[in-house]
Amino acid sequence: MELIIGQTHRNVLALASSRSYLFLGDHFFLRKLSVARVAGFHRTAWFRNRHDLQNDPLTLSSLEVKHKAEPEKKDKVLNLRNWKPSAKVSSSKPKPASNARSKPAGAQKPLKIDESLFSAKTFGELGLPPLLVDRLEKEGLTAPTEVQSAAIPTISQDHDVVIQSYTGSGKTLAYLLPILSKVGPLKTPAEQSSPDQKPGIEAVVVAPSRELGMQIVREVERLLGPADKKLVQQLVGGANRSRQEEALKKNKPVIVVGTPGRIAEISAAGKLHTHGCRFLVLDEVDQLLSFNYREDMHRIIEHVGRRSGTKPSNILGPLAKRTERQTIMVSATIPFSVVRAARSWGRDPVLVRAKSVLPLDSVSTDGLVPFKSNPDATSSSSSATRGAIDSLPPNLEHYYCVSKAQHKVDTLRRCVHALSANTVIVFMNNTKPLKDVVFKLEARGMKAAELHGDLGKLTRSTVLKKFKDGEMRVLVTNELSARGLDVPECDLVVNLDLPTDSIHYAHRAGRTGRLGRKGSVVTICEEPEVFVVKKLRKQLSVAIKPCELAEGNLVVQREEEVE
Ligand SMILES: Nc1ncnc2c1ncn2[C@@H]1O[C@H](COP(=O)(O)OP(=O)(O)OP(=O)(O)O)[C@@H](O)[C@H]1O
């Protein structure tokens, strides 16, 4: 058996053998991969240049087979100083990346966004149908957030979009509202009678975790109302698959929301018909591009919104080309791998941020266009770091506190008391110690519970519901809950283990300070880890202040005191 050693990529060592077993990092995938795939993976891993391998996270697009075309030219970055969203994109726009599909001349969608909409005070001003505006008002939602004001008109104009805005800024409704304006019972009158409406699934929303998937389903159900809530169907992993398939047949939903594995599984079984789909949403898209979702995501990209009869491209060939489908990618953190994927899968995708819509082609190849608040975001920082810039809510206070490993839980407890926090999410990197931390907190009279992927589906949803209802004060969890989980009352996030990078720090921190509320983030670390906290502070350009707990108070120290 001939063994080919692939390129070492971060902690992933790709071993592809003629018997097509793939060994990755510390996980051993005993999965028969087609030789083409293994060869393709190996070829890609082999050909990626050193720079990308060091900076870009291992993602679906980063493993894309190199196109025959010459390597991507370094795009110029539009001078944003005088670029106006309402103006047509200037002809001096840099050439689209070489991996963009060749489009017939004139196929570029003009980007005409009415800048005045960015300061819309009501959802009605954004052109949402009256029925939908009524439902929002019934839910107590009257004014759009900044990212919603930018995203809703842009999506309504049929643009493919990448939505980037800090955690808790309302990105979910930013994509759900324009979709519900065109799909389902709340859509605009014009859409009611449009001839090309065919019954069937018209929107697929993909989320990396069951909890986030169910959270999105509940948001859609609230807007659809009791009579029509069956028009949205969950297809999350861990739930009963045959019941999901029965519901698809019986209820004929127009929107499905699920996790990549379950959606791909039901689609491959021929029980999920999405060729007529108008919208594909990838929520927490940078996580969905990670290696473990590769196969499922590839199936979803290939099939959703692809008219029957068109031949799917080779599994490792250029990623699926967009047909009629509108592709919407969403995350608070957009590393360059997402930009590359959007260019492959979308048509003239645009980058939507609070008060800003700009062509994705204007994103430089070495990372995201600097934000106004970060004009000097240097291209030397890694793609992951650049992706985390401006992903943190504005009203957070960040601290770090040095503690010996065996005293961390006690430090955590004192921190909760010192900040009088009532709804606390504690993050750890591994599942095993979670139970022990819960036990110690409970032993000192602090109601706590653990949440992680090894728990059954019912337990996970019960724990989350009790936490949201305030029945326990501390939720001890791992990365599963870092993405997208919305607990508006969360007033404190504690890192009991250090996050692996600035993107993970940002998503954990973003569980508090939702929608502009105040919140605190405390990282409890050991002395030798302080330099990591300082690196995160620099990468995120956010003040993470040294503190200590004294006489029941959290006291901020001067930096030199800590040295
Ligand atoms: N226009 C609005 N007015 C008031 N509240 C809103 C509005 N839009 C969203 N919210 C609320 O704000 C909270 C955060 O919204 P959401 O979860 O969509 O944020 P997000 O940007 O997706 O966060 P994350 O990046 O963590 O996924 C939710 O409780 C949501 O109900």
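Sequence positions, counted from 1, serve as the residue numbers for this chain.
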Please report the interatomic distance [atom1]([X]) to [atom2]([Y]), rounded to the nearest 0.5 Å.
X	Y	atom1	atom2	value
Met329	Leu288	CE	CG	9.5 Å
Leu128	Arg135	CG	CZ	13.5 Å
Ile179	Leu223	CD1	CG	12.0 Å
Leu126	Leu177	CG	CG	9.0 Å
Ile155	Lys182	CD1	NZ	9.5 Å
Leu186	Ser181	CG	OG	8.5 Å

Is there side-chain contact between [X] and [Y], with at least one heavy-atom pair below 4.5 Å?
X	Y	value
Glu245	Arg243	no
Leu136	Glu139	no
Met297	Val206	yes
Asn395	Arg517	no
Leu272	Leu248	yes
His273	Ile201	no
Phe467	Thr423	yes
Pro499	Phe427	no

| request: Would you indicate whether Lys468, at its atom NZ, is surrounded by more than 12 heavy atoms from other residues, nucleotides or ligands within a distance under 6.0 Å? | output: yes

I need the minimum non-hydrogen distance between [X] and [Y], along with the two atoms involved.
X	Y	value
Gly184	Val254	CA-CG2, 4.1 Å
Val463	Ala449	CG1-CB, 4.1 Å
Ala174	Ile152	O-CG1, 3.9 Å
Pro260	Tyr293	CG-CD2, 3.5 Å
Arg325	Trp345	NH2-O, 3.9 Å
Ser165	Val147	CB-CG2, 3.6 Å

For the backbone of [Y] and the side chain of [X], can you confirm whether one donor and one acceptor N or O come within less than 3.5 Å of each other?
X	Y	result
Thr512	Cys490	yes
Arg514	Gly510	yes
Ser481	Thr477	no
Gln148	Gly170	yes
Lys171	Tyr166	yes
Arg483	Ser331	no
Thr259	Gly261	no
Lys121	Ser119	yes
Thr274	Cys277	no
Arg508	Ala482	no

Just by distance, with hydrogens left out, do [X] and [Y] show a side-chain donor and acceptor under 3.5 Å apart?
X	Y	answer
Ser242	Asn240	yes
Gln234	Gln244	yes
Arg299	Ser267	yes

| side chain to side chain contact (heavy atoms under 4.5 Å, CB included) evaluation trace for Ile163 with Ile328 | CA-CA 8 Å; Ile163 302 176; Ile328 300 169; 4.1 Å; yes

| request: Kindly indicate, with the supporting measurements, whether the criterion side-chain hydrogen bond (donor to acceptor under 3.5 Å, both in side chains) is fulfilled by His398 and Tyr505. | output: CA-CA 11 Å; His398 302 261; Tyr505 181 97; 2.6 Å; yes

| Going through the distances and angles, do Val162 and Val338 end up as a side chain to side chain contact (heavy atoms under 4.5 Å, CB included)? | CA-CA 8 Å; Val162 175; Val338 173; 4.2 Å; yes

| query | Out of Arg460, Arg511, Arg218, which residue meets the salt bridge (charged side-chain N to carboxylate O under 4.0 Å, His left out) rule with Glu211? | reply | Arg460

| query | Does the pair Ile255 and Leu180 meet the rule for a side chain to side chain contact (heavy atoms under 4.5 Å, CB included), with working shown? | reply | CA-CA 9 Å; Ile255 300 177; Leu180 287 169; 3.7 Å; yes

| request: Carefully, step by step, assess Asp134 and Lys138 under the rule salt bridge (Lys or Arg N to Asp or Glu O under 4.0 Å). | output: CA-CA 6 Å; Asp134 287 348; Lys138 285 201 182 78; 5.5 Å; no

| request: Any chance you could lay out the side chain to side chain contact (heavy atoms under 4.5 Å, CB included) test for Met214 and Val236, step after step, and finish with the verdict? | output: CA-CA 8 Å; Met214 291 312 296; Val236 296; 4.0 Å; yes

